Number of protein chains: 2
Amino acid sequence: MTTHDGVLPAGLFMDLDRSGPMPLYFQVSTRIEQAITSGELPAGARLENEVALGERLGLSRPTIRRAIQELVDKGLLVRRRGIGTQVVHGPVSRKVELTSLFDDLKAGDQHPTTRVLAHAVIEADEHVAEDLGIKVGDPVTHIRRLRLADEVPVALLENYLPVAIADLSHEDFEDFGLYQLLRGRGVTMRVAKQRIGARASHGDEAQLLEIEENGAVLTMSRTAYDASGAAVEVGYHCYRPDLYSFSITLVEK
Amino acid sequence: MTTHDGVLPAGLFMDLDRSGPMPLYFQVSTRIEQAITSGELPAGARLENEVALGERLGLSRPTIRRAIQELVDKGLLVRRRGIGTQVVHGPVSRKVELTSLFDDLKAGDQHPTTRVLAHAVIEADEHVAEDLGIKVGDPVTHIRRLRLADEVPVALLENYLPVAIADLSHEDFEDFGLYQLLRGRGVTMRVAKQRIGARASHGDEAQLLEIEENGAVLTMSRTAYDASGAAVEVGYHCYRPDLYSFSITLVEK
DNA sequence: AAGTGGTCTAGACCACCGT
DNA sequence: CGGTGGTCTAGACCACTTC
């Protein structure tokens, strides 16, 4: 035991809400995460061991373990058997989060706007039909949008949705992100499969994104599934590479 | 209950190894995963509920839950309260896994080779020093490699490592991936932070990758940390976009 | 009301690490 | 050796969904 062990922020031991809907492990992990990002728990700091932490908080060890595991999965903590749990060294303060579902990302930094370039119900071609798990020729809503941040074009978004979920107006898309709209209609994404690549720009992409003709674009194609596992949306997006990139944190399992 | 419920492959109920080092939850999740990828459990199939599954396997419910959770995190299963656990619809058979640490990925499909273009100990510049958490001017090993698959150039890999971990020869790099080499020396990666983007190719990149001058490349910069949270490696890679892309599965938390 | 997953408890034993 | 995390058990109560 060194003098630096077990130095935990006072806020961690505030009363826990045992009646509300927020799980105890989540309350604990949130408090520890805040302590890390705020710098109260600096890089390399050791946490108290799980049993002691549980006693001090009046929680069982599995609950404490789950709270810590959440942060290990986020790449904020590292556990070693026989050693203990430490805050990861390195740039924990940087906002490198899991690749977000995009819409929220820009909202924090800059003023996002959207121009709807196309919006119509069409028949699914072979590629879209396969991704959505429907038949070729089935009706799908097609949307093509230009996403800007502070008036500067950042991304060109092309999406296809089964018609059942798509009674949406132009105005909706001007004001809200696609996921926000779907969530408001009771559609919740649970799993998404993405493929990130690059290529030269085609057709009108360069002009719309205000880059050099045939200039490089970052591409992302995605299929999203709802809670029942049914495909809800496919998207083929391309981004201005000087203004956008994907940040990912990997954790060895 | 429909007649399709609880149809589980016979192999799932083989004897479990309770003495070996492999955790029970892992044995269970592996068997279920195999049943899914092999098609024994088709898309949309419902699993037995957790309690019943535990009884049939002679395991407690938390153990079963953990096994299922592993597959939920992988995007293979979906759980809904009050409903049950189902295999995700959609292209589960495709090999879209979490972005692997690269070296293993190509090995399966094609014959990978590596050409070492540069290999020397140099002084860390500002950028590398910050990423590795060392001082500017500290010695680091610099390696620049061209990765080919079936004689076709796929990626240009530039890496920097603290000298302590880098008594490696050219021959090593010709034959093995960087991570494999480090693992063999007792260095294990636990967390990695990646940033994926795109840009036009610079300098000799187009020539080495055998693409058009100034053609688009997919880029990935990564910092990897070991179990103690110390930075072990930084890499600045670029890939031929027609031959390589990143696949990611996201799961809503 | 019945069935499901979501959370939580209070223990237990083991494997690994440092001294 | 003592301390740590890794795994596992056998229950319990709750929230949600469907009937």
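Fair warning: this is a prediction, and the values are worked out from it, not measured in the lab. Below, chains carry the letters A, B, ... as their sequence lines are ordered, and counting in each starts from 1.
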DNA chain D: 5'-proximal contact among A/R65 and A/G82 (nearest heavy atom): A/G82

Separation of [N] [atom2] from [X] [atom1] (nearest whole Å):
{"X": "A/I83", "N": "D/dG2", "atom1": "CD1", "atom2": "C1'", "result": "13 Å"}
{"X": "B/L57", "N": "D/dT7", "atom1": "CG", "atom2": "P", "result": "18 Å"}
{"X": "A/R66", "N": "D/dG5", "atom1": "CZ", "atom2": "P", "result": "19 Å"}

Closest-nucleotide ordering on DNA chain C, the 5'-leading residue of A/G58 and B/I68: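 So the residue in question is B/I68.
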
Measure from the side-chain heavy atoms of [X] and tell me the nearest of [options].
{"X": "B/R46", "options": "C/dT4, C/dT9, D/dC8", "value": "C/dT4"}
{"X": "B/P62", "options": "D/dT4, D/dG11, D/dG5", "value": "D/dG11"}
{"X": "A/R61", "options": "D/dG6, D/dC13, D/dC8", "value": "D/dG6"}
{"X": "B/P23", "options": "C/dC17, D/dT7, C/dG5", "value": "D/dT7"}
{"X": "B/S60", "options": "C/dT9, D/dG5, D/dA10", "value": "D/dA10"}

Parallel, tilted or perpendicular, as decided by the 30° and 60° cut-offs, for the rings of B/Y236 and B/Y160: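 The arrangement is perpendicular - the two ring planes meet at more than 60°.
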
Side-chain heavy atoms of A/P162 within contact of A/V232, under 4.5 Å: no

Side-chain heavy-atom pair B/R79, B/E50 within 4.5 angstrom cut-off: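 Side chain of B/R79 against side chain of B/E50, heavy atoms only: contact under 4.5 Å found.
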
Polar pair under 3.5 Å, donor/acceptor by atom type, side chain A/R81, base C/dG18: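 Absent.
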
Side-chain donor/acceptor of A/R80 to base of C/dG18, under 3.5 Å: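 Checked by distance alone, the answer is no.
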
Atom of B/Q27, atom of B/D17 and distance for their closest heavy-atom approach: NE2-O, 2.8 Å

